[in-house]
Amino acid sequence: MQYKKRTHTCGELRASDAGKNVTLTGWVDFQRDLGGVIFIVVRDRYGKTQVVFNPKNNSQLHQQAAGLRSEDVISVSGKVNHRPDGMINPNMPTGEIDIAVEELTIITKSDVPPFAITDDVNASEELRLQYRYLDLRRSPLQKNFLIRHQMYQITRKYYDELNFIEVETPILMKSTPEGARDYLVPSRVHHGKFYALPQSPQTYKQLLMVAGMDRYFQIVKCFRDEDLRADRQPEFTQIDVEMSFVDEEDIYQVTEGLMKRFFKEIKGIEIQTPFPRLTYKDAIETYGSDKPDTRFDLRFTQVNELVQDSGFKVFADVVKKGGVVAGFVAPQCANYSRSQLDLLTDLAKKMGAGGLVWMKVTAETVESPIEKFIGKEVLLAVKNKMKATSGDLILLISDSWMKTYSILGNLRLEIAKRLNLLDDSKNNLLWVTDFPMFEYDENDKRYVAVHHPFTSPKIDDLPLLDSDPSKARARAYDLVLNGNEIAGGSIRIHDRTLQSKVFTLLGIDEEHAKKKFGFLLEAFRYGAPPHGGIAYGFDRICMLLTGEKSIRDVIAFPKTTSAMSLMDESPSEVDEAQLKELHIKLV
RNA sequence: GGGGUCGUAGUUCAGUUUGGUUAGAACGUCUGCCUGUCACGCAGAAGGUCGCGAGUUCGAGUCUCGUCGGCCCCGCCA
């Protein structure tokens, strides 16, 4: 197919180009056939330009143009004209001109597309995913990918300037215990053996530090075979970073620098550094989350002392058992109806709460269904401690420390949504620090690492590893933006003995540790520098910078919530012969 | 694994509460008319496995059960 190559893109011609002979290539965006004159809007990645076919000039050409339909690919040549007076379209950047076509090549015809390629999308996400290449033609998605591209460039430039080197690590690696479910890849050469796709390049980047690379980064795909969410895909992209001879402050500083650039170069916003910091304990006790959304307050207050000796047995028992009675004030929600309160109670119960206690604060008094048990005095004391005023609604939960605060955390977000407190113009970044080393897994009856098994404990807490591991804090940190975890990392263990000890605490015996992580322990015999790092959730940051609600909108070919690709229909069955070669039998 | 919600024309939806004539609308598509439109306009036409499968019923888009798929959430995500 012979066609004229473009001299300009569809977004660049202006009034000053009038008189030029140009060629544009692109897709037919829209056709307006007035019987005589025909207007076609041609679209490419850069914009849209209107071209005109007039039967007076060339009737054969005009007839050809009458057959053009949406999404046909064409090449048009002609002269750039100033539009006549009153015909300028102020809504189009190229609206002052159009092109009087002298030559048209229909390069490819298009079938009628299953949905219209328009900015304000009309089709369901299901259909858009099935025809993702058409969805990606839409300008809002193209803009997202332009921002994603900028993020890649900013990241590489930034770390390069700071003397980091980009190193690729294997995609086929050893399956390791701990953490997320692995995606497995069978080995053809070695019967019955499997590679795993990396959940993260964690061990490799630590080995690169042992190798003396000193400062490493990589923009890298990671894979986790877990259930999906709006902000979670089974394959996703991280900016992976590791540095030698550093402590937490070095990591914070380097990370804050990159975030500053993202915001400045992509959104034109100066963000303040250093970012605020909150310990894990404070984050949970104040906001009920280890990734608190600090764009609004609705902070929690603990009222154990006020209710422990009151007549309300539920509260008294919880305090006696070492639990927590706490709550927060929903401002001006005292007018909530019974059914609205029931909905909140249901939400709390779904999270595992025994119930939800509410108190309505009026000018004269405090109303609550538990008044008959707890007494008016205690109600007033709670009201005063929580600084509630007339018209407010107090919500209280009583349970174990973790349960109380996490349920309150969810209620807090629900109330914030109802009160419209989520201000998208705010960009609240903060560090959450001092995570615990371990949490107890009730199913497996053992400790599991909160971050990962290579995370260093705080030096002050080393004795706790022997006495009470559950109280030991880790040198781990997360970066949070408006309630989203966008990065996380830690200072690692570089001492073989300490690493072995942590493995033991995690219930990984010496033999098992040697089998699974022997290569890392072995490496630590030959001079491991102190090191630490961080990994950013690239897709999540991109989602937040583009203002999207799902990372699917910043991933070119995403999976559905059941981990399927609707376009190419993966996963799919494979030939018997392929299975045979891999020595795999389906059961 | 669990909870919620949705699935009807190419597309977006109405109709399902209370089973009953030929399942509607808008956009799109097709045909004709129309020489400066830009959501062009006007006239007309075609277009349906009501996701799929059982069941109840004289009769099911509508009721019941199962199943598949989309989205949101809990669990899970070192």
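Quick note on labels: first sequence line is chain A, next is B, and so on, each numbered from 1. All values reported here derive from a predicted model rather than from experimental measurement.
Here A:Asp98 lies in heavy-atom contact (under 4.0 Å) with a base. Looking at heavy-atom distances under 4.0 Å, A:Gln50 makes contact with a base. A:Ile38 comes within 4.0 angstrom of no nucleic acid atom, judged by non-hydrogen atoms across all strands. The residue A:Ala180 sits close only to the backbone: its heavy atoms come under 4.0 Å of sugar-phosphate atoms, none of a base. Within 4.0 Å (heavy atoms only), A:Pro453 reaches at least one base atom of the nucleic acid. Residue-level contact check: A:Thr560 touches the backbone only, with heavy atoms under 4.0 Å from sugar-phosphate atoms and none from bases. Among the heavy atoms of the strands lying under 4.0 Å from A:Phe30 are primed sugar atoms or P, OP1, OP2 only; no base atom is included.
Identified under the side chain to side chain donor-acceptor pair (under 3.5 Å) test for residues 47-60 of chain A, with sequence neighbours left out: A:Asp29-A:Lys48, A:Arg32-A:Gln50. Sorted by first and then second residue, the ring pair (Phe, Tyr, Trp, His ring centres under 6.0 Å) pairs involving residues 491-520 of chain A (not counting sequence neighbours) are A:Phe454-A:Phe517, A:Phe503-A:Phe517. Applying the salt bridge (charged side-chain N to carboxylate O under 4.0 Å, His left out) test to every pair with at least one member in residues 399-413 of chain A, sequence neighbours left out, gives no pairs at all.
When Watson-Crick and G-U wobble pairs are counted only if both distances are under 3.5 Å, B:G32 pairs with B:C42. The base-pairing partner of B:A14, taking Watson-Crick or G-U wobble contacts with both distances under 3.5 Å, does not exist among the strands shown. With a cut-off of 3.5 Å on both pairing distances, B:G47 has no Watson-Crick or G-U wobble partner at all. Applying the Watson-Crick and G-U wobble criteria (two distances, each under 3.5 Å), B:U56 pairs with nothing in any strand. Base pairing annotation: B:U37 forms no Watson-Crick or G-U wobble pair, as no partner gives both donor-acceptor distances under 3.5 Å. Base pairing analysis places B:G69 opposite B:C6; the two distances defining the Watson-Crick or G-U wobble pair are each below 3.5 Å.
Look at A:Phe39 and the base of B:U37; the rings stack, centres closer than 5.5 Å and planes less than 30° apart.
In summary, the side chains of A:Gln202 and A:Tyr204 do not present any donor paired with an acceptor at a separation below 3.5 Å, with no hydrogens or angles considered.
Taking atom P in both B:A60 and B:U22, the straight-line distance is 13 Å, to the nearest Å. Nucleotides B:G44 and B:U5 place their P atoms 43 Å apart, quoted to the nearest Å. Taking atom P on both nucleotides, B:C71 is separated from B:C13 by 15 Å, rounded to a whole Å.
Side-chain nitrogen and oxygen atoms of A:Ser124 include none within less than 4.0 Å of the OP1 or OP2 phosphate oxygen of B:C71. Contact annotation: A:Arg32 does not reach the phosphate of B:U37 (side-chain N/O to OP1 or OP2, under 4.0 Å). Between A:Arg128 and B:U12, a side-chain N or O to OP1/OP2 separation shorter than 4.0 Å is absent.
Partners of A:Lys514 by salt bridge (Lys or Arg N to Asp or Glu O under 4.0 Å), not counting sequence neighbours: none found.
Residue-to-nucleotide contacts include no donor-acceptor pair under 3.5 Å from the side chain of A:Arg69 to the base of B:C30.
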Show the atom names and distances, to 0.1 Å, of all donor-acceptor pairs under 3.5 Å that link a side chain in residues 549-560 of chain A to residues at least two apart or in another chain.
residue: A:Ser550; atom: OG; partner: A:Ala230; partner atom: O; Å: 3.4
residue: A:Ser550; atom: OG; partner: A:Arg552; partner atom: N; Å: 3.0
residue: A:Arg552; atom: NE; partner: A:Glu125; partner atom: OE2; Å: 2.6
residue: A:Arg552; atom: NH2; partner: A:Glu125; partner atom: OE1; Å: 3.3
residue: A:Lys559; atom: NZ; partner: A:Glu235; partner atom: OE2; Å: 3.4
residue: A:Thr560; atom: OG1; partner: A:Ser562; partner atom: N; Å: 3.3
residue: A:Thr560; atom: OG1; partner: A:Ser562; partner atom: OG; Å: 3.3
residue: A:Thr560; atom: OG1; partner: A:Met564; partner atom: N; Å: 3.3

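The distance from atom CZ of A:Arg132 to atom C1' of B:G70 is 14 Å, rounded to the nearest whole Å.
Between the side chain of A:Arg43 and the backbone N or O of A:Trp27 there is no donor-acceptor pair closer than 3.5 Å.
Listed by residue number, A:Arg224, A:Glu226, A:Asp227, A:Arg229, A:Ala230, A:Arg232 are the residues of residues 224-240 of chain A with a heavy-atom contact under 4.0 Å to RNA chain B.
No side-chain heavy atom of A:Asp461 sits under 4.5 Å from any side-chain heavy atom of A:Lys471.
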